[in-house]
Amino acid sequence: MTSSKIIGTGSYLPEKVLTNSDLEGLVDTSNDWIVSRTGIEQRRIAENESTSEMGTKAAQCALEKAGLSIDDIDFIFVATCTPDYQALSTACIIQNALGAPHVPALDIQATCSGYLYGIFLANSLVKSGTFNNILVIASEKLSSITNYQDRSTCILFGDGAAACVVSSANQAGLKIRNLLLGANGKFATSGFVPAGGCKTPASIDTVNKGLHYIQMTGNEIFKLAVRKMEESCKKSLEACGLQVSDVNWLVPHQANLRIIEALAKRFGFPQDKLCITIRKYGNTSAASIGIALDELMRNKNIQPSQNLLLTSVGFGLTWASGVLTYQNPL
Ligand code: UT7
């Protein structure tokens, strides 16, 4: 089996900032409520940029960090639940924008767990020797499916993108020790966009009813998120033979600060081991773990043998957890 590592990460956040006080002018809410119930202070909004444009920028950062050019890439995965178009893979649009004709390109729709699903697939393809370098991108323009008249959802979501290169190259990087994936469609309607798919095609009626926006049962997803993240983190650590005390950094999906803190409490992780970006960016779905991971790699001095525990839960329900260990070249 070939060894597989993440050898470069990147991210991209659009410039426009939407603050809690901006939202106070749109819906019946308050900065105090939003901060105390979610931890979010602001989020970024892509005004004139699409999911593919943000994803392309994040991918270029990851390639530069990895010291590779697009010509070195064998496959492109794009995790998103906000594709540029229906019936057209956003991965193909990014492939063209990056200048990678003939490289296979595939969208992954696993909501907030999409980035880890993508890394799982890339890791398997690299380890099996099928490909050497795979670009995994997560990009979301959640503002395009957010109802800014619904206070229970519009406070949560933001736009952004992240990317990484999963590679067989013998260079410093994050070895993918394991990734465990899960899903349970029983909870499908806990969070979703009701219209625009084949079950309920878009119509004047669906638009008038706001069915093209995210709807969710927030507190149900909240409880499921804490439970599933805890379960899958435990399984992931066990599979690697690691204890909670071996984890140097927890990199969780950023859905709600209270979810992250509840998880940290259950494991006894101190605050300084938590990677938290939700205050600045809100919930960017598939991109959130990737953005947090990129910030960690850029801002902290990650040392060889340090372990990162990644975990996510998203609509579907989908979940994923895994351990990455920083390694120097052999
Ligand atoms: O990424 C995918 C996974 N997504 C998630 O994990 C989302 C998880 N869920 C959550 O983050 C939380 O459930 C929310 C932040 C969405 C809601 O927080 P909550 O503590 O579960 O509040 P709630 O829905 O139980 O509502 C409590 C009260 C309600 O008022 P009443 O019925 O008690 O009078 C709501 O109407 O808070 C009210 N409320 C608000 N008040 C001010 C709901 N949204 C707001 C708001 N501002 N924005």
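What's counted below: heavy atoms across the whole structure, side chains too, no hydrogens, waters or symmetry copies. In each ligand, atom 1 is the first atom listed, and ligand 1 is the first ligand listed. None of the values given here were measured: they were computed from a predicted structure.
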Taking NZ, NE, NH1 and NH2 as the nitrogens, is one of them in K57 or E49 under 4.0 Å from a carboxylate oxygen of the other?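 A salt bridge is present here (some side-chain N lies under 4.0 Å from a carboxylate O).
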Collect the protein residues that have a non-hydrogen atom under 4.0 Å from ligand 1 and hand them over in chain and number order.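 Shell around ligand 1 (4.0 Å, heavy atoms): D28, T29, W33, R37, T38, C112, R151, S152, I155, L156, M216, G218, N219, I221, F222, H253, A255, N256, R258, I259, N283, F315.
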Do you know which of L18, L142, V17 makes side-chain contact (heavy atoms from CB on, under 4.5 Å) with I45?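 It is L18; the other options fail the test.
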Run the side chain to side chain donor-acceptor pair (under 3.5 Å) test against S321 and tell me which residues pass, sequence neighbours left out.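 So S321 forms a side chain to side chain donor-acceptor pair (under 3.5 Å) with S232, T311.
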Do F75 and F131 have ring centres separated by under 6.0 Å?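 Yes; F131 has its ring centre under 6.0 Å from that of F75.
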Please check if atom CD in E64 has more than 12 non-hydrogen atoms from other residues, nucleotides or ligands closer than 6.0 Å.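 It does not: E64 CD has 12 such atoms or fewer within range.
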Given ring pair (Phe, Tyr, Trp, His ring centres under 6.0 Å), test Y115 with Y117 step by step and report yes or no. CA-CA 5 Å; Y115 196 55; Y117 269 60; over 10 Å; no
